[in-house]
Amino acid sequence: MSGPDERRPFPEVDDAHLRLSRTRTWGGLETDGAYGPAEPDEIYVENLGDPGQFPFARGSYPQMYRSRMWTQRTIVGYGTPADTRAGLEAARAQGATGLDVVLDTLSQEALDPDHPMFGPEVGSEGCSLTWLPDLEVLLDGIDLTTTDIAWHATVGLYPLVLAYAEQQGYDLTRLQGSHMPDHVTLTLSGYGEKLLPVDLAQRATVDVLEHVARYTPRWATGFPQCYNLRERGLTPVSEIAVGMAIVNQTLADLAVRGIDVDQIAPSMAWVSTADVDLFEEVAKFRALRRVWARTMRDRFGSQDVRSQRLRIACHTSGRSLPYQQPLNNLARATVQTLAAILGGVQSVETCTYDEPVSIPTPEARELAIRTQQILAHEVGAARTADPLGGSWYVEALTDELEAAALKLLGEIEAQGLLPAVGSGRLEELIDDHNHRVEREMQAGERLKVGVNAFRPTHFTPPPRFQVDHAAVAAHLAAFRERKAARDLEPVRTALRDVRGATAAGENAVPAMVRAFAALATTGEVWGAFRLGLGHPYDPFGATEPPVPLD
Amino acid sequence: MRVRVLLGMLGVDVHSRGLRTVSRILRDAGVEVIYLGEHNSAAGMAAAAVAEDVDAIGVSFSVSTYTHYVADLTAELRRVGAQDIPVMVGGLIHPEDVEHLRSLGVAVVFGPDSTPDAILDYVGGLARAL
């Protein structure tokens, strides 16, 4: 059996959304899939290569969006699993070819919605997703071998989805979707030492990636998750440097587990951002692909072209969108989306203009997906691969970015990635940049329209999205009731196995899958994992395991 | 006498970039910053404010649950008899909520439109009052 019986229909993607609609200009001139020098010299072949050729600076595929349109994503996640399910259906109806599900902050941090210290956040900035019954509601009738859901989640999500897939009878080798198992970036993104000590973070990453490589080869991993780091305060140069440091360390750790680069790298997609500096971002994507390709081939001995041609998942920059005059953010998000496309990424999620105001309103979500459709079908941005290749400016920026990134990467690796995280050095790098940006804003060296320049005379606060708090309260009550009614013995056995496997240095994912199948919650499964590594069950010391695990 | 300010975040909000930047700006201006970071409870923050004998508390939010947490914090400060410590609230604060925050006992709100100079002016005022 490859999937569940259809119980609740979920709209399919119209084929028109997946293909480039026109290769001629609006004026009627026919165009080629790619352009390049009439007689490529050695430097061109070595440093650029045609699209689809090593080192993939000009794109990972020869025909780029002519052969496959980038996946046009929209972001959904609020309230209960039922609320978010309704949002997914609306997004698909608007033409989103890929769906991004965002979890609320508690779920992302592996804290259950009934955690005694927290609670008002449940469902407020994403979907509350804690255990198997939540997935049963959210995914009812959605075929996980054909529907591309990108989960904006790290902690606990992969074993939870596997438990659901097994329950539904899926063949795991055909399981599609993706998540972002880069726990080290979470450590750097405000989760901190208490929630995610760096040893635990890297262990969780390696366990998940090993399991993906061995058992779910079509499951994609957003790895490294550099989006968070850019939003936190890295530059395009340091995005490449820190991201590659994380990749290099992780591939080395996986090699110790017997996982070869060509077993895992094809499952990886770099999660990046496109900020508003169009040419710098385009150059970054080009330099990044070159650094990746050479690293995979020369450092890790990759023989498989699928490992060497990097796929990039891009979200435009929420950080760059100010609260002031939020409609201006439509212009910013459009340029950022254009940068991603001209840079040759494989999927784009365009931020909504109202992101700094509240979680996206339905109107703003629709505008975000329409922006991508306009760029794909009206602007001609998708017509030819690497349209800025050969521009003196863009080529120089690409070279400069690469050189600076490799220099910084060398400095990080001289210290070691985990010591660089643990010692706070990378956080300092981020703080330095943010401080510099603030000084430049104050000095007027960096103008932000509507913020420190060209300020409006009148300001009308934009509307806010309102979560249905009554529905969330009912969801939480049902969760408490069902949790209290569980048979605790299987939960206890499974959580003990998670802790035992973790402490023994075995891959903890299979035990986590069994624990979710036994109706354990994310907080419980992650708590047992923490115990296995000698950390407290609850980072805040406010909860105990549901049954003694000793 | 140097002004001492406690900075931190409440709840599960991890978007501390702004608060970390404010922390550095205040330190550069000679303010003594006790930085609590993310994931604090109202009780923990109030206790720290008393233990550190601070002149002000700054909390920052990027999520919409700030009214709940600010109410908790100001209630806790009253409970421990520290309601005289001014509370500064910053971050993505919607203008419609400013009045409500003030009614909860918040001394000053620095929303998305506020500049570092506005924060420094306010903290500088605390220094002159000491």
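Chain naming here is simple, since letters A, B, ... match the order of the sequence lines and numbering starts at 1 in each.
The contact between B/D28 and chain A is made entirely by side chain atoms (from C-beta outward), counting heavy-atom distances below 4.5 Å. Interface remark: A/I430 contributes no atoms to any contact with chain B (heavy atom separation under 4.5 Å). At a 4.5 Å heavy-atom cutoff, A/Q108 makes no contact with chain B through either its backbone or its side chain. Heavy-atom distances place no part of A/L186 under 4.5 Å from chain B, backbone and side chain included. In this structure, chain B has a heavy atom under 4.5 Å from the side chain of A/R464, while its backbone stays farther away.
Counting heavy-atom pairs under 4.5 Å between each of B/G37, B/A42, B/P116 and chain A puts B/P116 at the top. Contact count versus chain B (heavy atoms, under 4.5 Å) is highest, among A/R439, A/Q324, A/E231, A/M117, for A/Q324. In terms of heavy-atom pairs under 4.5 angstrom with chain A, the leader among B/H68, B/R20, B/E96 is B/R20. Most heavy-atom pairs under 4.5 Å with chain B: of the set A/D431, A/N228, A/V437, this distinction falls to A/D431. Of the residues considered (B/S41, B/P95, B/S23, B/A43), B/P95 shows the highest number of contacts with chain A, using heavy-atom pairs under 4.5 Å. When B/D97, B/D117, B/T115 are compared by the number of non-hydrogen pairs under 4.5 Å with chain A, B/D97 comes out ahead.
Counting all heavy atoms, side chain and backbone alike, A/E121 lies closest to B/G11 at OE2-CA, 3.5 Å. Of all heavy-atom pairs between B/T65 and A/S124, the closest is CG2-OG, 3.8 Å. A/G190 and B/S16 make their closest contact through CA-OG, 4.4 Å (heavy atoms, listed as atom of the first residue, atom of the second, distance). The two residues B/Y69 and A/G119 come nearest to each other via the heavy atoms OH-N, 4.0 Å.
Here B/R24 does not pair with A/E438 in a salt bridge; the nearest charged N to carboxylate O distance is not below 4.0 Å.
For the atom pair OG1 (B/T21) and CZ (A/R436), the distance works out to 11.5 Å, reported to the nearest 0.5 Å. Here CD1 of B/I93 is found 9.5 Å from OH of A/Y323. Values are rounded to the nearest 0.5 Å. Within the model, atoms CG of B/D113 and CZ of A/R455 stand 5.0 Å from one another, a figure rounded to the nearest 0.5 Å.
With a 6.0 Å radius and a threshold of 12 heavy atoms from other residues, nucleotides or ligands, A/E440 has its CD atom above the threshold. Annotation: B/E99, atom CD; neighbour count of heavy atoms from other residues, nucleotides and ligands within 6.0 Å does not exceed 12. Under a cut-off of 6.0 angstrom, the local environment of CD in A/Q442 is crowded, with over 12 non-hydrogen atoms contributed by other residues, nucleotides or ligands.
For the pair A/E109/B/V14, a side-chain contact is recorded, criterion being any heavy-atom separation below 4.5 Å from C-beta on.
Sorted by first and then second residue, the ring pair (Phe, Tyr, Trp, His ring centres under 6.0 Å) pairs with a member in residues 2-59 of chain B read A/F540-B/H39; sequence neighbours excluded.
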